[in-house]
Amino acid sequence: MNRFEILVGDITQSDAEAIVNAANTSLLGGSGVDGAIHRAAGPELLEACRALHGCETGKAKLTPGFRLAAHYVIHTPGPIWQGGGMGEPALLASCYKSALEVAAVHGIRTVDFPSISTGVYGYPLPQASTVALKAIMDFLRSHDLPQRVRMVCHTEQAAAIYRQTWNLWYAEDKDMRL
Ligand code: AR6
């Protein structure tokens, strides 16, 4: 099994043990992938999120997946893009790292990510993909869990940008190849 893959799809349909939600700091739902995950998981997800009392940008918190095929949802609020000089890259990297740490601590073997911050929050995809792939690859190289991580892009165009970034930095990575 390749430890890392990039694919196109709807993350609410994922068969991974955990999916990551590009949330906001209230954790009380929203539009985009957050709205889609809440709709697919059912109202129990909102109740579970209420009990968490929010989450800081760059941190991550776990809930059950309820009606999703995924057993867990790992919620992480990404940074809002403000031009790149307000700590956005470090915060975005922290989202991926925190989500993977939560997964590892809970013994979760497979995790699917959406492209955090690149919708409503406006983070440009080329920059976001560089940060995302570095954070994921650094984590996988130093941890046995999760065994597999996938980037689930909503469009072929987004996946093409992730693949381009992959080819630029990681094409030599034989153990993790796509
Ligand atoms: N599966 C996979 N990816 C998806 C899906 C899906 N079903 N739907 C959208 N995307 P966004 P953000 C992609 O806006 O930028 C919410 O209101 C989408 O194409 O969902 O982190 C939250 O509550 C894009 O590339 O998240 C926050 O307030 C990516 O998911 C705010 O939006 C992220 O887009 C968070 O904004």
Side-chain angles (χ1 to χ4, degrees), residues 4-43 45-63 65-70 72-84 86-100 102-103 110-133 135-136 148-166:
F4 179 69
E5 292 172 45
I6 295 166
L7 46 104
V8 180
D10 174 359
I11 204 165
T12 66
Q13 303 304 307
S14 163
D15 61 0
E17 214 177 330
I19 63 170
V20 176
N21 182 15
N24 59 58
T25 55
S26 79
L27 297 185
L28 298 181
S31 58
V33 73
D34 193 3
I37 288 171
H38 275 270
R39 277 193 299 279
L45 181 60
L46 185 57
E47 287 314 304
C49 284
R50 269 191 219 291
L52 297 176
H53 303 293
C55 182
E56 281 173 49
T57 301
K59 301 279 170 56
K61 293 189 177 179
L62 183 92
T63 65
F66 299 103
R67 299 177 200 178
L68 294 167
Y72 303 100
V73 180
I74 301 171
H75 306 263
T76 182
I80 299 170
W81 179 255
Q82 297 176 75
M86 301 297 285
E88 297 94 323
L91 286 168
L92 185 61
S94 174
C95 287
Y96 286 93
K97 185 169 180 243
S98 303
L100 290 167
V102 166
T110 56
V111 177
D112 281 0
F113 279 94
S115 176
I116 298 165
S117 282
T118 62
V120 173
Y121 282 178
Y123 209 121
L125 266 168
Q127 287 97 313
S129 65
T130 302
V131 171
L133 294 186
I136 292 168
R148 188 198 70 197
V149 173
R150 301 188 300 196
M151 278 299 315
V152 180
C153 296
H154 206 35
T155 63
E156 188 53 58
Q157 291 92 318
I161 292 173
Y162 273 88
R163 289 197 192 101
Q164 237 170 17
T165 302
W166 170 273

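Just so we're clear, the structure is a prediction, and the values are computed from it rather than from any experiment. First listed ligand is number 1; within each ligand, the first listed atom is number 1.
- The distance from ligand 1 to the heavy atoms of Gly32 drops below 4.0 Å at these ligand atoms: 20 (O).
- Looking at heavy atoms from C-beta onward, Tyr123 lies in side-chain contact with Val131 at the 4.5 angstrom threshold.
- Counting only distance, with no hydrogens or angles, the side chain of Ser94 and the backbone of Ala90 share no donor-acceptor pair below 3.5 Å.
- The protein heavy-atom contact nearest to atom 3 (N) of ligand 1 is His154 CB, 3.6 Å.
- Among the candidates Leu7, Ile116, Ile136, Ile11, the single residue satisfying the side-chain contact (heavy atoms from CB on, under 4.5 Å) test with Met151 is Ile136.
- The protein heavy-atom contact nearest to atom 15 (O) of ligand 1 is Gly119 N, 2.8 Å.
- Atoms of ligand 1 lying under 4.0 Å from any heavy atom of Gly30, numbered from 1 in the order shown and given with element: 17 (O), 23 (O).
- Gln82 CD: more than 12 foreign heavy atoms inside a 6.0 Å radius.
- Heavy-atom contacts of Ala22 reach the following atoms of ligand 1: 21 (O), 22 (C), 26 (O), 35 (C) (cutoff under 4.0 Å).
- The Thr118 neighbourhood of ligand 1 comprises atoms 15 (O), 24 (C), 25 (O), 29 (C), with distances under 4.0 Å to a heavy atom of that residue.
- When only non-hydrogen protein atoms are considered, atom 17 (O) of ligand 1 lies nearest to Ser31 N, 2.8 Å.
- Taking 4.0 Å as the cut-off between side-chain N and carboxylate O, Glu156 and Arg163 count as a salt-bridged pair.
- Within the listing of ligand 1, atoms 22 (C), 23 (O) sit less than 4.0 angstrom from a heavy atom of Asp34.
- Within the 4.0 Å heavy-atom cutoff, Ser117 counts among the residues contacting ligand 1.
- Taking CG of Asp34 as the start and OG of Ser26 as the end, the distance is 8.0 Å to the nearest 0.5 Å.
- Under a 3.5 Å cut-off, the side chain of Ser98 and the backbone N or O of Gly58 do form a donor-acceptor pair.
- Distances shorter than 4.0 angstrom occur between a heavy atom of Gly9 and an atom of ligand 1.
- Contact atoms of ligand 1 toward Asn24: 22 (C), 23 (O), 27 (C), 28 (O) (distance under 4.0 Å to a heavy atom of the residue).
- Using a 4.5 Å cut-off on side-chain heavy atoms (C-beta onward), Cys49 and His75 make contact.
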Problem set entry | Steps toward side-chain contact (heavy atoms from CB on, under 4.5 Å) verdict (Leu46, His38) | CA-CA 7 Å; Leu46 185 57; His38 275 270; 4.2 Å; yes

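- Between Val33 and ligand 1, an N or O atom pair is found at a separation short of 3.5 Å.
- Nearest-residue assignment for atom 1 (N) of ligand 1 (options Thr25, Ile11, Thr155; heavy-atom criterion): Ile11.
- With ligand atoms numbered from 1 in the order given, ligand 1 contributes 1 (N), 6 (C), 7 (N) to contacts under 4.0 Å with heavy atoms of Asp10.
- Judged by the shortest distance from any of its heavy atoms, Ala158 lies outside the 4.0 Å radius around the atoms of ligand 1.
- When only non-hydrogen protein atoms are considered, atom 27 (C) of ligand 1 lies nearest to Tyr121 OH, 3.5 Å.
- At the shortest separation from atom 29 (C) of ligand 1 among protein heavy atoms lies Ser115 O, 3.2 Å.
- Checked by atom type and distance alone, the side chain of Lys61 pairs as donor or acceptor with a backbone atom of Gly54 at under 3.5 Å.
- One finds the CG atom of Leu100 at 10.0 Å from the OG1 atom of Thr76 (value rounded to the nearest 0.5 Å).
- Rounding to the nearest 0.5 Å gives a distance of 9.0 Å between CG of Leu125 and OG1 of Thr165.
- Residue Cys153 places no heavy atom under 4.0 Å from ligand 1.
- When hydrogens are left out, the protein atom nearest atom 14 (O) of ligand 1 is Val120 N, 2.8 Å; that is the closest non-hydrogen contact.
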